[in-house]
Number of protein chains: 2
Amino acid sequence: MPTKGTAQERLKYEQVADEIARRAGELQPHDHLPSERDLMQQLDVSRMTVRRAIEQLVRRGLVYQVHGSGTFVADPDVVTKTLRLTSFTEDMQQRGLTPSTTVLRTAVQPATEDVARRLRIEPGADVLVLERLRLADGTPMALESVHLPAMGTDWSAFDPTASLYAQMSAAGITVERAAQSIHAVNLDRDQAYHLDQAVGAAALQVTRVSYTEAGVPVEIAETIYRGDRYDYDLVISRAAQ
Amino acid sequence: MPTKGTAQERLKYEQVADEIARRAGELQPHDHLPSERDLMQQLDVSRMTVRRAIEQLVRRGLVYQVHGSGTFVADPDVVTKTLRLTSFTEDMQQRGLTPSTTVLRTAVQPATEDVARRLRIEPGADVLVLERLRLADGTPMALESVHLPAMGTDWSAFDPTASLYAQMSAAGITVERAAQSIHAVNLDRDQAYHLDQAVGAAALQVTRVSYTEAGVPVEIAETIYRGDRYDYDLVISRAAQ
DNA sequence: AAGTGGTCTAGACCACCGC
DNA sequence: CGGTGGTCTAGACCACTTC
């Protein structure tokens with residue numbers, strides 16, 4: 001038997017998933033893939049590992065399964081752009097734009113009733129407030145207002161121009177889930193000024209509350225995107241449930 | 001051995017998931033749940049079944065797991081309202097409102113270049129076009145324009161006032177995935193009239209392309225929601241990936 | 001070192017599809 | 001009927017956390 005535990009670069013089911021994805025790429029939409037039993041023999045793994053690999057691919061929308069019939073290559077098109085948890089920076093880079101940021105305001109202040117309730121902290125407790133103008137290729141794209149609870153973190157070393165998620169991650173905070181609410185608003189005079197838009201122009205107001213794996217809220221962010229330059233794209237899958 | 005295959009009301013892992021969820025409900029957030037090995041003994045199932053059950057609960061945001069440490073009850077709050085594939089009817093009912101519909105237009109017409117490309121059919125091929133005003137508790141909420149490809153279906157029996165998804169389902173078409181794009185727009189005169197809003201008021205324009213499990217597009221829907229009465233809520237999970 | 005979740009195996013039976 | 005995916009078992013070893 002070959003050495004097994006040593007330097008197992010990647011998980012087996014991921015390697016299997018990659019291999020099946022590679023084969024699917026060489027076939028046409030709706031073509032039949034080998035059966036799970038064939039694949040386990042060919043790739044020398046157990047059936048559960050094959051199933052787990054295929055499960056990933058189904059979730060990504062790359063293949064689909066029909067009960068007594070088989071596994072097939074899916075029609076592409078929608079693939080790739082599944083819903084992900086992204087920062088403004090990543091989001092813009094993905095669209096091929098260069099993001100930049102102007103800090104409008106940064107302050108430590110007592111939490112309002114509403115903010116305290118949503119962050120599940122005491123009203124009046126310290127929160128870091130950060131207001132930024134986000135630009136893409138030098139053009140104003142969004143106005144962002146972020147509230148962060150203290151959480152024993154030392155915000156004195158905080159750099160408002162750098163990536164927020166990166167700094168939170170460095171502080172041991174990992175965002176696992178976020179609730180978003182999207183609303184349409186007409187820009188007021190101040191907002192229109194910052195975004196270089198006409199007063200009353202339609203804009204997307206996205207309010208996000210981010211949570212750790214344990215369901216502890218760690219961020220409230222309210223972002224107002226220019227309506228003429230920003231779409232909120234997402235893919236909903238019934239399988240996700 | 002007891003009879004096994006007969007009348008197996010529900011899947012084992014679902015029953016196990018329910019039982020674990022019940023126990024979690026009686027505990028406080030961040031309380032420790034029994035280990036997987038304890039649960040498999042207590043519930044007399046294999047470990048894989050326990051893991052599969054817990055996997056569901058993690059996806060629902062009800063519990064969370066930490067590698068060498070254990071399984072814990074999650075902080076609630078966000079739970080329940082995960083992203084789902086819903087119709088206007090379900091959506092409104094979920095918000096406690098009574099939906100109704102006024103049909104503005106219904107016609108079979110040749111597909112435009114753009115519609116044909118998105119539905120992956122020939123330009124000029126027949127599509128069913130349906131324009132409806134959707135109301136909640138009698139108040140106009142949204143303007144909806146739907147394009148359906150022919151797909152050999154007999155649209156002559158089509159009832160524009162009834163649920164679209166129900167009729168598609170009856171025709172053997174199941175929507176499994178949908179790509180949505182959300183945009184902010186200012187209402188034009190005609191839209192404002194139908195929605196009982198001021199001209200130029202901000203509104204959410206949601207464009208959806210629905211696909212079957214095999215990735216075949218079966219519907220294009222463009223819905224314009226009143227900005228003052230409609231939020232688009234969703235929960236993004238990193239686990240979803 | 002003991003206990004936990006994470007991965008993987010080899011095998012079984014069931015439910016469904018197409019011939 | 002044979003082949004397919006869907007569920008489930010009993011056991012093993014690994015990686016990580018906690019003491």
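- Across residues 63-71 of chain B, B:Q65, B:V66, B:H67, B:G68, B:S69, B:G70, B:T71 each have a non-hydrogen atom less than 4.0 Å from an atom of DNA chain C (numbered order).
- A:E55 and A:Y13 share no donor-acceptor pair across their side chains, judged by distance under 3.5 Å alone.
- For A:M48 and D:dA12, the CE to P distance is 17 Å, given to the nearest whole Å.
- In this structure, CD1 of B:I20 is placed 10 Å from P of C:dG5, rounded to the nearest angstrom.
- Checked by atom type, the side-chain pair A:E176/B:Y64 shows no donor-acceptor distance below 3.5 Å.
- The interatomic distance linking A:E55 (CD) with D:dG5 (P) rounds to 14 Å, in whole Å.
- Between B:K12 and D:dT9 there is a side-chain N or O to OP1 or OP2 distance below 4.0 Å.
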Under 3.5 Å donor-acceptor pairs involving side-chain atoms of residues 107-117 of chain A, not counting sequence neighbours:
unit_1 : atom_1 : unit_2 : atom_2 : d
A:Q109 : OE1    : A:R105 : NH1    : 3.4
A:T112 : OG1    : A:V115 : N      : 3.2
A:D114 : OD1    : A:R117 : NH2    : 2.7
A:D114 : OD2    : A:R118 : NH2    : 3.0

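- What separates CZ of B:R47 from P of C:dC8 is a distance of 13 Å, to the nearest Å.
- Of the candidates B:R23, B:R22, B:Q28, B:E26 forms a side chain to side chain donor-acceptor pair (under 3.5 Å) with just one, namely B:R22.
- In this model, a donor atom of one side chain and an acceptor atom of the other lie less than 3.5 Å apart for A:E36 and A:Q65.
- With 3.5 Å as the limit, one finds no donor-acceptor pair spanning the side chains of A:S145 and A:E222.
- In this structure, B:Q15 contributes its side chain and B:R10 its backbone to a donor-acceptor pair below 3.5 Å.
- Seen from the ring of B:F88, B:R132 does not count as a face-on cation partner, given the 6.0 Å and 45° thresholds.
- One interatomic measurement links the two molecules: CZ of A:R10 to C1' of C:dT7, which rounds to 14 Å at whole-angstrom precision.
- The phosphate of C:dC8 has neither OP1 nor OP2 within less than 4.0 Å of any side-chain N or O from A:R52.
- Across the protein-nucleic acid pair, B:R51 atom CZ and C:dT9 atom C1' stand 15 Å apart, rounded to whole Å.
- At the phosphate of D:dC8, neither OP1 nor OP2 sits under 4.0 Å from any side-chain N or O atom of B:Y13.
- Taking only side-chain atoms of B:L11, from C-beta outward, the nucleotide of C:dC13, C:dG6, D:dC8 with the closest atom is D:dC8.
- Across every non-hydrogen atom of B:R177 and A:V235, the tightest pair is CG-CG1, 3.7 Å.
- Contacts of residues 22-46 of chain B with DNA chain C (heavy atom under 4.0 Å): B:S35, B:E36, B:R37.
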